[in-house]
Amino acid sequence: MRLIGDNVAMTDSEGGDRSGLVVELTDALDATDGAWEGWNAVDDPTRELYATWVAQARRAGLRRDRALTTAHHAAQGILRHAVQRFDAAESAGEVVGAVAEGLAGKLVRILANLIN
C-alpha cells in the first residue's frame with residue numbers, strides 16, 4: 001500500500017526510473033499527457049531539484065500542487081527553463097555593484113559635510 005508522501009521505486013511505462021520520487025509526483029506525471037517524456041528528457045540535476053522541491057513540502061496539499069506544477073512544466077517541455085539557477089559570478093557582480101554604490105554614496109556625503 002502506498003501512502004501519501006511515500007517514495008516509490010518502480011519504472012514508468014517507458015522504462016524510466018521512478019526511484020526516490022514521492023507518490024504525488026509519480027501520480028501527477030502519470031496523469032498528465034507527455035509529462036513522463038518531458039521528465040525523462042531533462043538532466044539529472046533538474047529532476048533532483050524538482051523531486052526534492054515536491055518531497056520537502058510537509059502538507060499533502062502543497063506536495064500535490066507542486067507535483068501538478070512539475071508535471072505541467074514537464075509536459076510543456078519547460079522544466080529546465082522554469083528554474084532560476086544560482087549564478088555565482090552574477091551574484092558577486094551584484095554584491096560588488098551594491099557595495100561600490102554604497103561606498104560612493106558615503107564618500108559623497110563625507111565630502112558634502114566637509115564642504116559645509
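Atoms considered below: every heavy atom in the structure, side chains included; atoms not considered: hydrogens, waters and symmetry mates.
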As an exercise, state the distance from [atom1] of [X] to [atom2] of [Y], rounded to the nearest 0.5 Å.
X   : Y   : atom1 : atom2 : answer
D27 : R63 : CG    : CZ    : 11.5 Å
T32 : H73 : OG1   : NE2   : 12.0 Å
H81 : Q76 : NE2   : CD    : 12.0 Å
R66 : Q56 : CZ    : CD    : 7.5 Å

### Query
Would L68 and W39 show up in the same hydrophobic cluster when neighbours are defined by side-chain heavy atoms closer than 4.5 Å?
no
### Query
Any chain of hydrophobic side-chain contacts (each under 4.5 Å) joining L79 to W36?
yes
### Task
With sequence neighbours left out, write down each residue that passes side chain to side chain contact (heavy atoms under 4.5 Å, CB included) with A67, or none if nothing qualifies.
E24, L25, A28, V54
### Message
Treating T52 as the side-chain partner and L49 as the backbone partner, does any N or O pair qualify as donor plus acceptor under 3.5 Å?
### Response
no
### Task
Answer yes or no: is there a donor N or O on one side and an acceptor on the other, between the side chain of R80 and the main chain of T46, under 3.5 Å?
no
### Query
Listed by chain and number, what are the side chain to side chain donor-acceptor pair (under 3.5 Å) partners of D44, not counting sequence neighbours?
R47
#### Entry: Minimum heavy-atom distance A35-A74, with the two atoms named
O-CB, 3.4 Å
### Message
Quick one, T70 and W53 - any side-chain contact, counting heavy atoms below 4.5 Å?
### Response
yes
